[in-house]
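Notes for the one structure printed next.
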Protein chains: 2
Amino acid sequence: MQPITRSTTIRDVARLAGVSVATVSRVLNGNHGVRGPARQAVERAIKTLNFEPNQTARRLSLGKTFTLAAIAPFFYRASSVERLRGLESVFSTSAYDLVVYNVETIETRDRYFSELLRPDRVDGVVVISLSPDDAHAEAFERSGLPVVLVDAVHPRLPSVHEDSALGGYLATRHLIELGHRRIAFICDELNAPLSIIGSNANINRLAGYRRALSEAGLPLDPALFREGPHSKRLARGLARELLTSPNPPTAIFAVSDTHAMGVLDAARDLNLRVPGDLSVVGYDDVEVAEYIGLTTINQSLEKSGRRGAELLLGLLDTPVDAPTGESVQPGSESIEVTLVVRGTTGAPLQRG
Amino acid sequence: MQPITRSTTIRDVARLAGVSVATVSRVLNGNHGVRGPARQAVERAIKTLNFEPNQTARRLSLGKTFTLAAIAPFFYRASSVERLRGLESVFSTSAYDLVVYNVETIETRDRYFSELLRPDRVDGVVVISLSPDDAHAEAFERSGLPVVLVDAVHPRLPSVHEDSALGGYLATRHLIELGHRRIAFICDELNAPLSIIGSNANINRLAGYRRALSEAGLPLDPALFREGPHSKRLARGLARELLTSPNPPTAIFAVSDTHAMGVLDAARDLNLRVPGDLSVVGYDDVEVAEYIGLTTINQSLEKSGRRGAELLLGLLDTPVDAPTGESVQPGSESIEVTLVVRGTTGAPLQRG
DNA sequence: CTGAAAGCGCTTACAG
DNA sequence: CTGAAAGCGCTTACAG
């Protein structure tokens, strides 16, 4: 039986260099007060032993975890993954590890929220596309754990979010300008328990939709409104309802590209040509959107992740009890939204 | 200035329960040797203090990290993300945290490989769609760090992989059965430095392609072979070359859905109808594939992630120096591949 | 500038 | 069954 090879520790280095572990620790941590000779001896010893300090031990004595969490509905929101990419690109250049927590239900969301609040779990978290309620937000605040929201907002928490009302407005106005008069709106469930998971983007996009309508003097027809889970399959059903109703819309604005793909499925089912018989606008500009030629609202997914990560890193550098006494609360940031016109929108063939 | 609230420790619990910290630790760790009264006192104290042991301290004294790594080219391989989903679903039910390392270049791959080898970084790693060379494999073995490969193989390492030769064969035979005679093959770069990142799946799929061809008595035409990076845009260029050549193929088998989407783009550019003028088969059955109706080879992406995770968990439970003296090397596992026929393949309109 | 020592919060032989 | 103590591998006041 081979003895398990014990990894080399700071003591080994100290012994070889003929100094105390304190000195080794100092050069390790870039402490400038270590004299030339000692420093060189240590550096040489580190090199010959190929020494790397034990992270866990550092964590314990420093009281930091050197890990950051990303918590998001990664697998049922295509957009989360693209935002994660942004996060990763900035964290990978930092000293922090990134651990991911995938949320599928309210229960997992709540479990992760409270787990992460424990003081020794992570040094910071970015929450993606999940809106903390007031209790959560307060708990985050009290814990002192740096948190930034991406694609969600809360008055007490820093965030990176798009101007969803503007997005909703741009999408709807585009359709109006093309000549559409009956424009349906499909979004996530506004009041179902699961909606807690979503951000409040839906409501804002709806607001934008209404504003565009009212600016154009168009009525708001409740028959043209549908809500349902973030699922292509279910959106397809909703669209089918809309399109087979007595007075169907000539255009549908969907609150996500996923919903929009369901709408396109429904159109195909019913042999409707897009955009001839039906125009559709999505939201997010997920990677696939370009491929399938979907007109949509772009909100710089990857960039929002990047900015969220940068904000968090900023928070980590500014201790709450800063010397000035004022903890610099980093403002929330807004991400630009733009309309991307592709092939799924056009003038209606038969005027309503 | 508020004092930072120190979190409650095992000492607080011990004090409140009127026992030693050793006893608290024992009940925490499910040690059965703790008597009724003591145990109850401790449990009550834990509850009233809402105590949760400090992970970092546990790690240090146990010499485990309780974290597992997933290392993969997440962002340039759509399939990685789906495999990650499988991983996540099993790890989230375990005691381990999952940290992700995204690889974009050979340099980052090598850096992560050697970082993770450090004894105190993680307890295990699953490597997705990256083929370790012999030096890496040996280093992994020597380190004693449990590693499992997903979508890659190495004789010295356990893995979960599909039978790529079979996949290549099935795809090609399908096209032959439809009546195609000139079938092109597009794959990742076989010899470029970056190909080290890819798995050897390409070569096997090529072998399957050749076998199907030779079985049918069809010649292997080098003019119908193209290789290029895992990129839709670049695959589009390769397909264009093929399709504008003097004697173009009537079908293209692409080694990934990403490549296949590039082929579809090229067909669109050239006003070729699919499948009338050109049939195309992809590989992977990524989520989008269903949406765009791509005929492809399914290889249970999520399941392969799940199995990889399960294998790793198994390795963690069987210590290398097992009492029996024989370390049970878990075999590698093969994932089923199936042909999924959708809308991009059909009989060629004009017989070659 | 540098060392001896205490401490971070756990776990676990070792005694009793 | 339970406690006192040592130990995991670092960091950092505190002396000198």
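All of these numbers come straight from a predicted model, not from anything done at the bench. The figures here come from the full heavy-atom set of this structure, side chains too, leaving out hydrogens, waters and symmetry mates. Every chain is numbered from 1 and lettered A, B, ... according to where its sequence line falls, protein lines coming before strand lines.
- In this structure, A/Glu310 pairs ionically with A/Arg307, as a charged nitrogen and a carboxylate oxygen lie closer than 4.0 Å.
- Using a 4.0 Å heavy-atom cutoff across all strands shown, A/Arg11 reaches no nucleic acid atom at all.
- When the nucleotides C/dA4, C/dC10, D/dC10 are ranked by their closest atom to the side chain of A/Ile10, D/dC10 comes out on top.
- C/dT11 atom P lies 11 Å from atom CZ of B/Arg26, rounded to whole Å.
- Around the NZ atom of B/Lys303, the shell of radius 6.0 Å holds no more than 12 heavy atoms that belong to other residues, nucleotides or ligands.
- Listed candidates were D/dT11, C/dT12, D/dC14. Nearest to the side chain of B/Ser25 is C/dT12.
- Heavy atoms of A/Asp120 sit nowhere under 4.0 angstrom from any nucleic acid atom.
- Using modelled atom types and a 3.5 Å distance limit, the side chains of A/Asp134 and A/His154 yield a donor-acceptor pair.
- Counting any heavy atom pair closer than 4.0 Å across all strands shown, B/Thr23 reaches sugar-phosphate atoms only and no base atom.
- For A/Arg121 and B/Asp97, the salt-bridge test passes: some basic side-chain N is under 4.0 Å from an acidic carboxylate O.
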- request: For DNA chain C, just give me the dot-bracket, please: Watson-Crick or G-U, both distances below 3.5 Å, ( ) intra-strand, [ ] crossing earlier pairs, | paired with another strand, . unpaired.
  value: |||.||||||||.|||
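- The side chain of B/Thr9 lies closest to C/dC10, out of C/dC10, D/dG3, C/dT11.
- Within residues 52-65 of chain A, the residues that have a heavy atom under 4.0 Å from DNA chain C are, in order of number, A/Leu60, A/Ser61.
- Side-chain atoms of A/Ser92 come within 3.5 Å of backbone N or O of A/Glu88 as a donor-acceptor pair.
- Looking only at atom types and distance, the side chain of B/Asn29 has a donor-acceptor partner in the side chain of B/Arg58 under 3.5 Å away.
- For the pair A/Glu107 and A/Arg111, the salt-bridge criterion is not met [side-chain N within less than 4.0 Å of a carboxylate O].
- Taking the side chain to side chain contact (heavy atoms under 4.5 Å, CB included) definition, one finds that B/Ala72 meets it with B/Phe74, B/Ser80, B/Ile128, sequence neighbours left out.
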